[in-house]
Amino acid sequence: MILPLLLLLLGSRSILGAQPGTRVVADFNKGWKFYLGDEAGAKDATFNDAAWRKLTLPHDWSIEGQFDEKNPAKPEGGGLPTGIGWYRKTFTMPAAKGRNVFVEFDGVYKRSEVWLNGHSLGQRPNGYISFRYELTRYLQPAGQPNVLAVRVDNSAQPDSRWYTGSGIYRNVRLVTTHAVAVDEWGTFVSTPAVSAQAATVAVQTQLRNATGTSRTVNLQTVVLDKTGREVARQLTSGVKLSSAATTVSQKLILKNPQLWSVAKTYLYRVKTTVLAGQAIEDEYETPLGVRTCVFDGQRGFLLNGQPLRIQGVCQHHDLGALGAAVNVRAMERQLEILKAVGCNAIRTAHNPPAPELLDLCDQMGFLVLDEAFDMWQKKKNSQDYHLDFKQWHQRDLEDQIRRDRNHPSVFLWSIGNEIREQFDSTGTRLTRELTATVKRLDPTRPVTSALTEQEPAKNFISQAGVLDVLSFNYKHAEYPKLPTSFPGQKFLATEIAAAYETRGHYDLPSDSLRIWPKDGKTKLTTGNPDFTASSYDNAAPYWGARHEAAWRAVRNSPFISGAFVWSGFDYLGEPLPYPWPARSSYFGLIDLAGFPKDAYYLYQSEWTSQPVLHLLPHWNWRPGQTVDVWAYYSQADEVELFLNGKSLGIKKKGPDDLHVMWRVPYAPGTLQAISRRAGQTVLTSTIKTAGPPAKIELTADRSKLRADAKDLSFITVRVLDAAGNLVPDAANLVKFSVSGPGFVAGVDNGYQASMESFKKPERKAYNGMALAIIQTTQKAGTITLRAEAEGLEATSVTLNSKP
């Protein structure tokens, strides 16, 4: 039987699931060899790759390199090496007469070309797009070795405004089907009519006939609820397949549907079966979430008929110390941290995401603004996608829409971000062309583009008249003019704030706003000598704003459906406002290591119904120094502050206030805030003056792991004094060692100008904290991480890895 044999040979799992002899989807990530550099002849099957490095995909070679200002990607690209790399995989196939074999790549950065046994299968310049090639005609007879070779060229730099990573950084699969099968991304499932009593499920299925002769098949579609129980069925008989692709439309009625929402993520499955008589030719599954999404000019956004303020963040695709290499647990952790702040939407800035991110958003309850391009024909960097746009944009956009259109989390398509054609008439033509492409493949979702120009006469993208939602980046002070400037339109803030913060650093006074740089023509000449920015939310670029000012403007504009904060997490590259050695961004609510900054709690107090009381800053200052003490709070009427037991007064937020503040002459001891509602204590927050570093604390986000060579535990490292207080300026070098079936996959501390390697098993604490990421192997057992630093009491944490 083909399925067990394939799984045995490939050491993989079936992703979609299939009966023996039908569709087989196998993990194709293991057993690759890698060479960093260009190598003549590496595409040939006979090439000797014995000396190449063995690895498992996904893989990002850039993150393994050393930071250097001279690297061609420049600090804007993270200051890490790029270049050319080769991957090769040798594999055998069982006898598969009448079967078609494909290799699927979720993303290769960038400019990839793929060969099988020396035969070129094709090229894809776009590093973010998914693609597949058919292998059938070039495969060797059963049992004989085949060689798949991939050349990745990320040498032409600079090509991005942020870190991209390099290599086969997303997953790869081997897919085997009959000659008659559902085509690549061949289903489109939508719900054109939804009520409490019933939902109409419209299914379009594109069938591929590679037999070379006409065929007649039956198409059976079944809807399964989350327990696997059948809840709807339709059979279409006598479908004639006379060409390579035939589309079949069906409608099913789902009674008493369970709706998908950000609060309740109910997912159905649509199972498609292609039958030739009683024989199964193919089986294919598609996710289904029943929901309605509507933008309204007055009421904002409505999900399932109920108003929902979009509380979103923009996210680049890197995973901090892990680089761009896809890891589901790392993405899940990011979403968990964002869920806790009250975030309900993700904008994929500024490119198609990994498909696993959309799976997680479906399951965890996030809306997704799925974005296609950061530029069209006009460049933002000399070597960016503008060089390939004319030839490839149609294919790339079509592939993105067809791949992602069945995810219930995807609620809005964006065809571009701050596109420079916004300012000339080519923008009108291209907007109409791109929007028409989206609508042809998915007429059910609205289309937008992230704009900057708020004057209609100057905005040639909005003048196209085809965007369903007008989305604007920044310029929050101009929001009140939008309904008059663009009458009858629907609005969204696709980027707000872009405020700078370094976790745990505070510049006084807190109400002195720092505009870095002050305009687009002036380089930053001030700033801090240690390349930090204040966590008081008082530093921003001239085109951005403080978090409070930006969110207040959105909150006070009910016609705006919501906003996406720039950004959720810090990301590698774009280290504004600083030059080298700054090499990652300052914009995140959460630092690169995954530790929340103070602004995180501002949004948590605004975006959730849970009580919040967050007190800042730390309490280690110079005697007599005047320190601004802030509190973000919610679900309370007031906050009272105490220093060493003495009340410093009660503060209450006014209608437009988002925090309260006291100016306090510093004295060592205990700072305590108490929030109250109707006179009753809601929460208490305490910060104590810390003594010198004495010991290390390790806290694992998860201690029970899977022995699958993919699972991760993120270990928070805190440097404490003898009494257990975090030492807010501790910078001790912490060294890590691991025993058992695991290893250090990455380290970090969140400091944007650190030149330390992400891969070396040691890290200096930054403002008292660091991070170690432990990855499992395929062997089960007990994993122990030990952390030690000179002069400090060492400690360890134990994890359990099970099959």
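Just so it is clear, the values below take in all heavy atoms, side chains as well, and ignore hydrogens, waters and symmetry mates. Computed from a predicted structure; not experimentally measured. Along the sequence shown, residues carry numbers from 1.
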Q) Should Leu441 and Leu397 count as side-chain neighbours, where that means a heavy-atom distance under 4.5 Å? A) no
**Q.** Gap separating the CD1 atom of Ile415 from the OG1 atom of Thr431, nearest 0.5 angstrom
**A.** 5.0 Å
Q) Considering the options Thr437, Asp442, Asp468, which one meets the side chain to side chain contact (heavy atoms under 4.5 Å, CB included) requirement together with Val447? A) Asp468
Q | Beyond-backbone contact of Pro443 with Phe188, side-chain heavy atoms, under 4.5 angstrom | A | yes
Q. Short question: side chain of Thr348, backbone of Asn351 - any donor-acceptor pair under 3.5 Å?
A. yes
Q) To the nearest 0.5 Å, what is the distance between CG (Asp159) and NZ (Lys379)? A) 13.5 Å
Q: Measure the CD1-CZ distance between Ile310 and Phe301 for me, rounded to the nearest 0.5 Å.
A: 5.5 Å
Q.
Using a 3.5 Å distance criterion without hydrogens, assess whether the side chain of Glu495 forms a donor-acceptor pair with backbone atoms of Cys314.
A. no
(Q) Less than 6.0 angstrom separating the ring centers of His350 and Trp162, yes or no? (A) yes
Q | Any donor-acceptor N/O pair, Ser414 side chain to Gly416 backbone, under 3.5 Å | A | yes
Q. In terms of ring plane angle, is the pair Phe411 and Phe564 parallel, tilted or perpendicular, where the classes change at 30° and 60°?
A. tilted
Q: Please work out whether the ring planes of His476 and Tyr479 are parallel, tilted or perpendicular, with thresholds of 30° and 60°.
A: perpendicular
Q: Could you please spell out the steps behind the side chain to side chain contact (heavy atoms under 4.5 Å, CB included) verdict for Trp551 and Val565?
A: CA-CA 8 Å; Trp551 175 248; Val565 177; 5.7 Å; no
Q: Return the minimal non-hydrogen interatomic distance between Ser195 and Pro257, and the atom names on each side.
A: O-CG, 3.4 Å
Q) Within a strict 4.5 Å, meaning less than it, do heavy atoms of the Tyr128 and Thr164 side chains meet? A) yes
Q | Minimum heavy-atom distance His393-Glu433, with the two atoms named | A | NE2-OE2, 2.5 Å
Q) Out of curiosity, Arg432 CZ to Gln463 CD, how far, rounded to the nearest 0.5 Å? A) 9.0 Å
Q.
Would you say Ser485 and Gln454 are linked by a side-chain donor-acceptor pair, where the criterion is simply a distance under 3.5 Å?
A. no
Q: Please lay out, stage by stage, how Leu430 and Phe389 fare under the test side chain to side chain contact (heavy atoms under 4.5 Å, CB included).
A: CA-CA 11 Å; Leu430 288 169; Phe389 181 85; 4.0 Å; yes
Q | Closest approach of Ala497 to Ala550 (non-hydrogen atoms, all atoms of both residues) | A | N-CB, 3.7 Å
Q. Thinking salt bridges, do Arg395 and Asp388 make one under a 4.0 Å N-O criterion?
A. no
**Q.** Within the 6.0 Å centroid threshold, strictly below: Tyr601 and Tyr632
**A.** no
(Q) Could you tell me if Gln422 and Thr452 have a donor-acceptor pair between their side chains, going purely by distance under 3.5 Å? (A) yes
Q) For Gln311 and Glu606, what are the C-alpha separation, side-chain angles and deciding distance, and is it a side chain to side chain contact (heavy atoms under 4.5 Å, CB included)? A) CA-CA 10 Å; Gln311 299 171 171; Glu606 286 287 298; over 6 Å; no
(Q) With a 3.5 Å distance limit and no angle check, can you tell me whether Tyr536 reaches the backbone of Asp628 through a side-chain donor-acceptor pair? (A) yes
Q: Could you tell me if the ring centre of Phe472 sits under 6.0 Å from that of Phe486?
A: yes
Q: State whether the side chain of Asn406 and the backbone N or O of Pro287 hold a donor-acceptor pair below 3.5 Å, judged by distance alone.
A: no
Q. Is the count of non-hydrogen atoms from other residues, nucleotides or ligands lying under 6.0 Å from Lys74 atom NZ greater than 12?
A. no
Q | Test item: side-chain donor near acceptor, Gln604 and His614, under 3.5 Å | A | no
Q. Given side chains that start at C-beta, do those of Pro575 and Phe531 come closer than 4.5 Å, heavy atoms only?
A. no
(Q) Between Glu76 and Arg161, does the side chain to side chain contact (heavy atoms under 4.5 Å, CB included) criterion hold? Intermediate values first, please. (A) CA-CA 5 Å; Glu76 291 75 16; Arg161 300 183 296 119; 5.7 Å; no
Q | Donor-acceptor under 3.5 Å (Tyr578 side chain, Asn528 main chain) | A | yes
Q. When you check the gap from the basic side-chain N to the acidic O, do Lys378 and Glu421 get nearer than 4.0 Å?
A. no
Q.
Could you check whether atom CZ of Arg663 has more than 12 heavy atoms from other residues, nucleotides or ligands sitting under 6.0 Å from it?
A. yes
Q. Sub-3.5 Å donor-acceptor pair from the side chain of Arg677 to the main-chain atoms of Val682, do we have one?
A. no
Q.
Within the structure provided, determine whether Glu418 and Asp374 are in side-chain contact (heavy-atom separation under 4.5 Å).
A. no
Q: Please name the pair of heavy atoms, one in Thr494 and one in Asn473, separated by the smallest distance, quoted to 0.1 Å.
A: OG1-OD1, 2.6 Å
Q | Given Gln400, Arg405, Arg347, the one that forms side-chain hydrogen bond (donor to acceptor under 3.5 Å, both in side chains) with Asp370 | A | Gln400
(Q) If only side-chain N and O atoms count, and only distance matters, is there a donor-acceptor pair under 3.5 Å linking Trp392 with Asn126? (A) no
Q: Would you check if Thr444 and Pro192 make a side-chain contact, meaning some heavy-atom pair closer than 4.5 Å?
A: no
Q) With no hydrogens and no angle check, is any side-chain donor or acceptor of Arg445 less than 3.5 Å from a backbone partner on Cys293? A) no
**Q.** Side-chain (Tyr500) to main-chain (Trp516) donor-acceptor, under 3.5 angstrom
**A.** yes
Q. Once you round to the nearest 0.5 Å, how far does OG of Ser567 lie from NE2 of His316?
A. 7.5 Å
Q) In this structure, which one of Arg546, Arg555, His547 forms a side chain to side chain contact (heavy atoms under 4.5 Å, CB included) with Leu658? A) Arg555
(Q) Using only atom types and a distance under 3.5 Å, with no angle test, would you say the side chain of Asp318 pairs donor to acceptor with the backbone of Gly320? (A) yes
Q: Taking all heavy atoms of Ala563 and all of Val554, pick out the closest pair and write down the distance.
A: CB-CG2, 3.8 Å
Q | Value rounded to 0.5 Å, distance of CG in Leu367 from CG in Leu369 | A | 9.5 Å
Q: Report yes if some heavy atom in the side chain of Pro446 is under 4.5 Å from a heavy atom in the side chain of Lys490; otherwise report no.
A: no
Q) Mind checking whether Leu288 and Val290 have side chains closer than 4.5 Å, heavy atoms only? A) yes
Q. For the rings on Phe423 and Phe460, is their centre-to-centre separation under 6.0 Å?
A. no
Q: Consider only side-chain N and O atoms of Asn417 and Glu371, and report whether a donor and an acceptor are under 3.5 Å apart.
A: no
Q. Can the ring centres of Tyr571 and Trp566 be said to be less than 6.0 Å apart?
A. yes
Please set out all donor-acceptor pairs under 3.5 angstrom arising from side-chain atoms of residues 589-597, sequence neighbours excluded.
{"residue": "Asp591", "atom": "OD1", "partner": "Ala593", "partner atom": "N", "Å": "2.9"}
{"residue": "Asp591", "atom": "OD1", "partner": "Gly594", "partner atom": "N", "Å": "3.0"}
{"residue": "Asp591", "atom": "OD1", "partner": "Phe595", "partner atom": "N", "Å": "2.9"}
{"residue": "Asp591", "atom": "OD2", "partner": "Arg503", "partner atom": "NE", "Å": "2.7"}
{"residue": "Lys597", "atom": "NZ", "partner": "Glu501", "partner atom": "O", "Å": "2.7"}
{"residue": "Lys597", "atom": "NZ", "partner": "Asp570", "partner atom": "OD1", "Å": "3.0"}
{"residue": "Lys597", "atom": "NZ", "partner": "Asp570", "partner atom": "OD2", "Å": "3.1"}
{"residue": "Lys597", "atom": "NZ", "partner": "Tyr586", "partner atom": "O", "Å": "3.2"}
{"residue": "Lys597", "atom": "NZ", "partner": "Gly588", "partner atom": "O", "Å": "3.1"}

